[in-house]
Visitor: 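Here it is, the structure, as structure tokens.
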Amino acid sequence: MHVLSIDRSIIDAIVAHARRDHPDEACGVVAGPVGSDTPTRHIPMDNAARSMTFYEFDSMEHLRVWREMDDRDEEPVVIYHSHTATEAYPSRTDVSFAGEPGAHYLLVSTREPDSEEIRSFRIVDGVVTEEPVRIVEAAVDPHAVQSYMFGQSPATVDYECSGR
Amino acid sequence: MAIEVRIPTILRSYTGGAKVVDGAGDTLGDLLTDLDSRHAGLRGRLVTEAGALHRFVNVYVNDEDVRFLGALDAKLSDGDSVTILPAVAGGAFGFAAAAAISQHAVAAR
């Protein structure tokens, strides 16, 4: 089973981006070395659609960021976006557009003002598989890890209740 | 006339896993037809049955989005580099327009 392991500081930056753009959807990438499955470089992207219900990378920024990753031997380990009024679960639209079978699709819901729901999925050939998110507290102790084990059913798990 | 074409991960099944392939053509449309002769099915992932470039596929000639260069009529020259990137898009609701377009994208797979 796949797991997304991601540094606390990156999750915090993604949540801050999602909060900043709320009520519009926010989107971005976390790049990491090719083949490492380790997200290391957070790249917030513009939502060219500037919409509460849709996101799309700006085509020129997309090209620039993908080239930069290529030059650095990186790949998009995480592709994230926010849902601002619904749960953090891929919509039919998300599934239809998912074009990076190797990526972790991270969704953040900002519908609650005081807590975020953060969930991760693989989307391959139209099939959605949820995976646990392990948030690594690198700043404190690289070996200290909190696991957020989400079930395969789309039951809502409150991020704030998991010991943050 | 050789034009370098960069293929995204999701379309490398058509190129035997190759990340970069060479092609030829005076326009983007010609290039895609040329590529399809060696990588059958690739063109169908990029061009609709009506003969237009898919809305949610980005194609660039060097540093320019082909939508600003005439789309499939974009002129190509020897040594140009063409990059194909599937749009990164989605969102909370499958509202009518997005649903219609995305269904089209799925049908093209």
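None of the values given here were measured: they were computed from a predicted structure. Here is how names work: the chains are called A, B, and so on, in the same order as the sequence lines, proteins then strands, and each is numbered from 1. FYI, side chains are in, hydrogens and waters are out, and symmetry mates aren't considered; it's all heavy atoms of this structure.
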Visitor: Should B/L85 and A/W66 count as side-chain neighbours, where that means a heavy-atom distance under 4.5 Å?
Guide: yes
Visitor: Over all heavy atoms of both residues, which pair between B/A89 and A/F54 is shortest? Give the atoms and the distance, please.
Guide: CB-CZ, 4.0 Å
Visitor: Treating Ile, Leu, Val, Met, Phe, Trp and Tyr as nodes and any side-chain heavy-atom pair under 4.5 angstrom as an edge, say whether B/L69 and B/L46 lie in one connected cluster.
Guide: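 Shared cluster, yes.
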Visitor: Would you say that A/D70 contacts B/K19 through its side chain, given a criterion of any heavy-atom pair below 4.5 Å between the two side chains?
Guide: yes
Visitor: If the contact rule is any heavy atom under 4.5 Å from chain B, which residues of residues 71-82 of chain A qualify, in numerical order?
Guide: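 Expected list: A/I79, A/H81.
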Visitor: Of the backbone (N, CA, C, O) and the side chain (C-beta and beyond), which part of A/N47 lies under 4.5 Å from a heavy atom of chain B, both, or neither?
Guide: neither
Visitor: Among the clusters formed by ILVMFWY side chains lying less than 4.5 Å apart, do B/V66 and B/L11 turn up in the same one?
Guide: yes
Visitor: Are the side chain of A/E56 and the backbone of B/A87 linked by a donor-acceptor contact shorter than 3.5 Å?
Guide: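 No.
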Visitor: How about B/I10 and A/P101: do any of their side-chain heavy atoms sit closer than 4.5 Å?
Guide: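 Yes, close enough: below the 4.5 Å cut-off.
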Visitor: Run the side chain to side chain contact (heavy atoms under 4.5 Å, CB included) check on A/M60 and B/D65 step by step: do they pass?
Guide: CA-CA 7 Å; A/M60 294 317 295; B/D65 187 325; 4.0 Å; yes
Visitor: Which atom pair, heavy atoms only, marks the closest approach of A/T86 to B/A92?
Guide: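 Smallest interatomic distance, heavy atoms only, reads OG1-CB, 3.7 Å.
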Visitor: So B/F56 and A/F97, would you call those rings parallel, tilted or perpendicular, with 30° and 60° as cut-offs?
Guide: tilted
Visitor: Check the hydrophobic clustering (I, L, V, M, F, W, Y; side-chain heavy atoms under 4.5 Å; chains of links allowed) and say if A/V15 and A/L4 are grouped together.
Guide: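 Same hydrophobic cluster.
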Visitor: Starting from A/I43, can I reach A/L63 by hopping between I/L/V/M/F/W/Y residues whose side chains sit under 4.5 Å apart?
Guide: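 Yes; tracing contacts between hydrophobic side chains, which count when under 4.5 Å, links both residues.
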Visitor: To the nearest 0.5 Å, how far apart are CZ in B/R6 and CZ in A/R67?
Guide: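 Spacing of CZ (B/R6) from CZ (A/R67) equals 7.5 Å.
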Visitor: Side chains of A/S59 and B/N58 only: does a donor on one sit below 3.5 Å from an acceptor on the other?
Guide: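 On atom types as modelled, these side chains do not qualify, holding no pair under 3.5 Å.
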